[in-house]
Every structure is written in C-alpha cells, then in structure tokens.
Amino acid sequence: MKKLLSQFKKKFSNYMIKRMIKRSGFDSDKMFNIELCRGAKRCSRNVIDVTEVNKLIQNTLKESRIAPRLHKKLVDEEYILPHHMFKLAISGCVNGCSKPQIKDFAIVGQLKPKIQEDLCIGCQRCLSTCQEDAIMLNDEEPDIDFDRCIFCGDCVKACPTEALTIKKVGYQIQVGGHLGRHPHLANIVTDLSDLEELMKILNKAIKVFVEEGEGQERLGVTLNRLEMDLD
Ligand code: SF4
Ligand code: SF4
Ligand code: SF4
C-alpha cells in the first residue's frame with residue numbers, strides 16, 4: 001500500500017510539473033519555444049511576416065527531430081524543464097520586442113533602404129525620422145551612411161514620395177544569448193540574410209545544441225567552449 005501511494009505521488013507530481021511548464025509556454029513534447037513579437041498580430045513597424053517565418057522555423061525544428069533527439073540525450077534527467085529546451089525569438093523589426101538578445105537563436109526583420117534622388121523633394125522627414133543619424137543631405141540630396149544604418153526601415157515609411165524605397169528585406173540572425181549566472185547577449189551572425197541562409201544557420205545551431213551541448217548547457221556556452229562560429 002505504501003509503495004502504491006508513493007508511486008501515485010510521484011506520477012501526480014510529474015503530471016503537475018509538466019502542466020506548470022506547459023502553462024509557462026514551454027512544451028516538453030516539442031522541446032523548443034519560440035517567442036514572437038506583437039508583429040505576429042499587428043504592428044506598423046513590422047518589416048517581415050512574423051507568422052510566416054514562425055511556420056517555417058517550426059517546420060524545420062520538427063523535421064530536425066529535435067524533440068526525440070533531446071529526450072534521448074536527457075534520458076537520465078528526472079524532469080524535462082524549460083532550461084533543457086531550445087529557446088528562440090522572432091521580431092518583426094530591429095526593435096526586438098521578443099527579446100532576441102537572450103535567446104539561443106533569434107531572427108530579426110531588417111529592411112535596407114535605397115534612394116532615388118530625382119524623386120526627392122527635400123522635405124527632410126527622413127533625416128528627422130532616422131534615430132541613428134544615418135541620413136545626411138549632400139547638395140540638397142539625401143545620402144545614407146550604411147555604417148550607421150541598422151536597417152529599421154523607418155525612413156522608407158516616412159518618405160512622402162517614392163524617393164526612399166526598399167532595396168532588400170532580410171533577416172538578422174542572433175545566436176547564443178542567455179540569462180542565468182553569467183548572462184550573455186546574443187552575437188549577431190549575419191545581417192539581411194535570405195531564407196536559405198537562415199535555414200542553413202538554424203540547422204547548424206540545432207545540430208550543435210543537440211549533439212555538442214553538455215547537460216543543461218545553453219547554445220552560447222557550447223559555442224564558446226568549442227570556440228565555434230555558426231556563419
Ligand atoms: S519588434 Fe518591431 S514589429 Fe515586433 S512588436 Fe516590436 S516594434 Fe512591432
Ligand atoms: S533604415 Fe533606419 S537606420 Fe537606416 S537610414 Fe533608414 S531610418 Fe536610418
Ligand atoms: S523623406 Fe523622402 S522626399 Fe523627404 S528628404 Fe527624405 S528622401 Fe527626400
């Protein structure tokens with residue numbers, strides 16, 4: 001009777017822990033968690049389709065069989081907890097509202113502008129809009145300093161003519177951020193990458209996390225230990 005009671009207690013406690021973890025947004029059946037910014041619903045600053053990128057990322061994670069591979073690796077752990085899972089974020093623009101800087105892998109939407117001088121009416125709205133002071137007027141014509149530009153796309157939205165338009169929309173990839181005892185902000189692996197490059201780097205990151213990570217090690221710690229880059 002005592003043995004049965006203890007078995008029941010253990011099962012119940014396992015069930016409650018799983019439920020608590022699921023409620024906090026982590027699912028041990030999936031073994032990953034993607035935090036999305038409000039851009040997934042509606043945000044005027046969005047430069048990428050957060051919902052679409054989320055679908056593609058989820059498919060890649062499932063195809064990689066991250067869940068069974070991690071379960072196999074963590075077979076000796078009593079419980080699967082949030083810190084065992086692969087943490088991701090997608091932000092619709094460089095404001096990074098889904099906290100990409102503290103995730104194992106994060107995607108941030110970027111927009112590179114281009115200028116067609118003959119359409120410029122010299123209103124200077126782009127100058128006052130750019131928070132990075134990346135736009136200046138040269139002989140009444142705007143010029144962008146791409147060493148300062150962070151590809152937010154604000155100037156394109158502010159321009160009343162078609163003088164500023166989209167040169168490229170792409171993804172900034174950030175890898176290796178985490179909190180904990182020794183917090184570390186993610187490193188930027190690439191700017192303005194396309195989908196193919198994004199998927200290539202994501203697959204590399206999954207491989208390192210699953211195959212090289214020791215115990216509860218975050219991806220950033222593993223990469224640091226192995227002195228490895230993902231680009
Ligand atoms: S990251 Fe950009 S698109 Fe997403 S909610 Fe924040 S401001 Fe909006
Ligand atoms: S994209 Fe953003 S940072 Fe770059 S020039 Fe335009 S407003 Fe400035
Ligand atoms: S906002 Fe457009 S039209 Fe106005 S100065 Fe800038 S590029 Fe020219």
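As the structure lists them, so they are numbered: ligands from 1, and atoms in each ligand from 1.
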Sub-4.0 Å atoms of ligand 1 with respect to non-hydrogen atoms of [X]:
| X | value |
| --- | --- |
| Gly96 | 1 (S) |
| Asn46 | 3 (S) |
| Gly92 | 1 (S), 3 (S), 4 (Fe) |

What is the nearest protein non-hydrogen atom to [atom], stated with its residue, atom name and distance?
| atom | value |
| --- | --- |
| atom 3 (S) of ligand 3 | Ile121 N, 3.5 Å |
| atom 2 (Fe) of ligand 3 | Cys159 SG, 2.4 Å |
| atom 8 (Fe) of ligand 1 | Cys43 SG, 2.3 Å |
| atom 4 (Fe) of ligand 3 | Cys123 SG, 2.3 Å |
| atom 6 (Fe) of ligand 1 | Cys97 SG, 2.3 Å |

Practice item. For atom CD1 of Ile166, decide whether the heavy atoms of other residues, nucleotides or ligands shown that lie under 6.0 angstrom number more than 12. Key: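 Atom CD1 in Ile166 is not packed in, count stays at 12 or less.
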Check your understanding: Do the numbers put Lys112 on top of the ring of Phe146, so that NZ or CZ is under 6.0 Å from the six-membered ring centre and no more than 45° off the axis?
Key ->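 Yes, cation above the ring, under 6.0 Å and within 45°.
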Check your understanding: How does Cys120 reach ligand 3, by side chain, by backbone, by both or by neither, if only non-hydrogen atoms under 4.0 Å count?
Key -> both
Looking only at side chains, do [X] and [Y] share a donor and an acceptor under 3.5 Å apart?
| X | Y | value |
| --- | --- | --- |
| Asp191 | Gln110 | yes |
| Thr222 | Glu217 | yes |
| Gln116 | Asp118 | yes |

Enumerated ligand 3 atoms positioned under 4.0 Å from heavy atoms of [X]:
| X | value |
| --- | --- |
| Pro142 | 7 (S) |
| Cys126 | 1 (S), 5 (S), 6 (Fe), 7 (S) |
| Gln124 | 4 (Fe), 5 (S) |
| Pro160 | 1 (S) |
| Leu164 | 7 (S) |
| Thr161 | 3 (S) |

**Study point:** Under-4.0 Å salt bridge between Lys87 and Glu35
**Key:**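 No, Lys87 and Glu35 are not salt-bridged.
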**Study point:** SB check Lys168 Asp194 (cutoff 4.0 Å)
**Key:**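 Answer for the salt bridge query: no.
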Exercise for review: Answer with yes or no whether Ala158 contacts ligand 3, where contact means a heavy atom under 4.0 Å from a ligand atom.
Suggested key: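 No, Ala158 has no heavy atom closer than 4.0 Å to ligand 3.
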Check your understanding: Does Cys93 reach the side chain of Cys152, with side-chain heavy atoms less than 4.5 Å apart?
Key -> no
Check your understanding: Heavy-atom distance under 4.5 Å between the side chains of Val189 and Asp231, does that happen here?
Key ->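 Val189 reaches Asp231 side chain to side chain.
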**Study point:** N, O or S of Cys93 under 2.8 Å from atom 2 (Fe) of ligand 1
**Key:** yes
Review point. What is the total of protein N/O/S atoms that are closer to atom 4 (Fe) of ligand 2 than 2.8 Å?
Key: 1
Point to revise | Test log, rule salt bridge (Lys or Arg N to Asp or Glu O under 4.0 Å), inputs Glu211 and Lys73 | key: CA-CA 9 Å; Glu211 293 177 14; Lys73 187 173 112 174; over 6 Å; no
Point to revise | Gln172/Ile107 under side-chain contact (heavy atoms from CB on, under 4.5 Å): CA gap, chis, key distance, verdict | key: CA-CA 6 Å; Gln172 181 183 72; Ile107 298 143; over 6 Å; no
Exercise for review: Fit a plane to each ring of Phe86 and Phe209, take the angle between them on a 0 to 90° scale, and name the class: parallel (under 30°), tilted (30 to 60°) or perpendicular (over 60°).
Suggested key: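 Correct class here is tilted.
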Check your understanding: Do you see an N/O/S atom of Cys37, backbone or side chain, under 2.8 Å from atom 8 (Fe) of ligand 1?
Key -> no
Practice item. Please confirm whether the backbone N or O of Ser98 pairs with a side-chain atom of Lys103, one donor and one acceptor, at under 3.5 Å? Key: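 It does hold such a pair.
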Check your understanding: Is the backbone N or O of Arg125 less than 3.5 Å from a side-chain atom of Ser128, with the two atoms forming a donor-acceptor pair by type?
Key ->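 Here the side-chain-to-backbone pair exists.
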Review point. Among Ile34, Asn33, Asn54, Asp104, which residue meets the side chain to side chain contact (heavy atoms under 4.5 Å, CB included) test with Leu88?
Key: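 In the set Ile34, Asn33, Asn54, Asp104, the residue that makes a side chain to side chain contact (heavy atoms under 4.5 Å, CB included) with Leu88 is Ile34.
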